[in-house]
Amino acid sequence: MGGTFDPIHYGHLVTAEAAAEEFGLEQVIFVPAGQPPHKPPGAVTEARHRYLMTVLATVPNPRFTVSRVDINRPGPSYTVDTLRELHARYGPGVELYFITGADAMLQILTWKDAETLFGLCHFIAATRPGFRLSRLESVLGPLMERYRDRIHPLQVPALAISSTDIRERVRTGRSVRYLLPDAVMHYIQKTGLYTGQGRPVPVTPGREGDGV
Ligand code: NAP
């Protein structure tokens, strides 16, 4: 499950659960991007906050884990590198599904080693209500034809929730209750994230390496 998670919300969690059920996934590894390749450095919240919010949100679900694989790798978080690292850790017998937003996947042709990616994993493209699948088909063109069996759209009505909207709500003092887990909401309140007046949060910086 790749994303910036700035912040993580119920749309992401519902997507992960739906994908796991639909495709029989043993576990879902949330991989917060360290430095999202298409965003200028500094445009996203510090990785340690996004990582901690992702941990807080996923703790109750035994099938969910969080990996620092992208955060620990210096430079842009290219998905091809993430997938190679995960393959190396889990071995050749494990099949990987990369779950992300269909809007993010619309850019996939601009991703590093785009065509190689389809050989490394299946893609689950989570769509917001109103998303027209034909957009993905026309953007991917012949690639969609070639890899149709590796690209799986998944409609997720809960993705009406968006991180952009949540950040804007916090900035303007509106409620975000019921859009994300309480623990994440409390973390945002405690740290002052998204208000433009963030205070240092008393947490230990992440260690190098993790269990995943
Ligand atoms: P983004 O542009 O911030 O997101 C695009 C849209 O997809 C947003 O509407 C976003 O909603 C949604 N989205 C993102 N992740 C999602 C998820 N896991 N489940 C459901 N919806 C999701 O995308 P991004 O976060 O930067 O990138 C997504 C993933 O693609 C990351 O793992 C990133 O590393 C990878 N990526 C790789 C390359 C490359 O290899 N060159 C380039 C770009 C992206 P919210 O804002 O509500 O999340």
Side-chain angles (χ1 to χ4, degrees), residues 1-20 22-23 25 28-45 47 50-51 53-54 57-58 64-86 96-132 135-136 139-140 151-170 176 179-181 184 188 194 212:
M1 178 84 168
T4 306
F5 304 128
D6 193 13
I8 189 163
H9 52 67
Y10 280 129
H12 298 129
L13 296 168
V14 169
T15 299
E17 185 71 2
E22 176 97 11
F23 298 94
L25 310 180
V28 180
I29 309 165
F30 285 71
V31 185
Q35 194 181 308
H38 289 167
K39 294 174 183 163
V44 295
T45 302
R50 294 184 288 104
Y51 171 76
M53 290 190 283
T54 307
T58 53
F64 292 175
T65 56
V66 187
S67 169
R68 296 181 60 90
V69 69
D70 274 7
I71 289 174
N72 287 350
R73 200 173 56 242
S77 305
Y78 295 123
T79 299
V80 69
D81 299 333
T82 312
L83 291 168
R84 285 193 173 127
E85 220 170 314
L86 292 176
L96 296 179
Y97 284 70
F98 188 79
I99 313 166
T100 197
D103 286 332
M105 274 204 69
L106 284 173
Q107 311 284 326
I108 201 165
L109 293 182
T110 67
W111 293 15
K112 187 180 168 207
D113 299 338
E115 187 146 4
T116 309
L117 290 170
F118 293 99
L120 292 173
C121 70
H122 287 257
F123 280 91
I124 299 176
T127 65
R128 290 205 146 90
F131 184 92
R132 280 181 294 110
R135 278 175 70 200
L136 200 56
V139 166
L140 291 181
I151 303 171
H152 313 279
L154 181 71
Q155 270 208 27
V156 185
L159 273 180
I161 302 171
S162 91
S163 300
T164 308
D165 175 57
I166 290 174
R167 290 195 303 272
E168 182 59 15
R169 282 172 171 274
V170 174
V176 293
L179 300 177
L180 35 63
V184 177
I188 292 170
Y194 311 125
V212 178

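Just follow the structure's listing: the first ligand is 1, and inside any ligand the first atom is 1. All values below come from the heavy atoms of this structure, side chains included, with hydrogens, waters and symmetry mates left out.
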> Would you indicate which of A125, G101, P36, S77 comes nearest to atom 12 (C) of ligand 1 when only heavy atoms are counted?
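Looking at heavy atoms only, the winner is G101.
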> Would you say S163 and ligand 1 have an N/O pair spaced under 3.5 Å apart?
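Yes; at least one N/O pair falls below 3.5 Å.
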> Hey, does R128 come in under 3.5 Å of ligand 1, counting only N/O atoms on both sides?
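N/O-N/O distance under 3.5 Å: yes.
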> Between F23 and Y97, how do the two ring planes meet: parallel, tilted or perpendicular, split at 30° and 60°?
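Plane angle between 30° and 60°, so tilted.
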> Sequence neighbours left out, what passes side chain to side chain donor-acceptor pair (under 3.5 Å) with T100? Give chain and number order.
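Side chain to side chain donor-acceptor pair (under 3.5 Å) check on T100 returns nothing, list empty.
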> Before signing off on this row, confirm whether W111 and ligand 1 have an N or O atom pair separated by under 3.5 Å.
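In fact, backbone or side chain, W111 has no N or O that close.
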> List ligand 1 atoms under 4.0 Å from D103, heavy atoms only on the residue side.
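Counting atoms of ligand 1 from 1, those under 4.0 Å from D103 are 6 (C), 9 (O).
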> Have a look at H12 and tell me which of F30, F5, F64 forms a ring pair (Phe, Tyr, Trp, His ring centres under 6.0 Å) with it.
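Only match with H12 under ring pair (Phe, Tyr, Trp, His ring centres under 6.0 Å): F5.
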> F98 to ligand 1: N or O pair under 3.5 Å?
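No.
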> Is the CD atom of E168 crowded by more than 12 outside heavy atoms at less than 6.0 Å?
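Above 12, so yes.
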> Hey, looking at atom 2 (O) of ligand 1, which of M105, K112, K39, H9 has the closest heavy atom?
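When every heavy atom of M105, K112, K39, H9 is considered, K39 comes closest to atom 2 (O) of ligand 1.
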> Just to be sure I'm reading this right: ignoring hydrogens, which of T79, D165, D113, T100 gets closest to atom 40 (O) of ligand 1? Compare them by their nearest heavy atoms.
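It is T79 whose heavy atom sits nearest to atom 40 (O) of ligand 1.
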> Say whether T4, considering both its backbone and side-chain N or O atoms, lies within less than 3.5 Å of an N or O atom on ligand 1.
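Right, the criterion is met.
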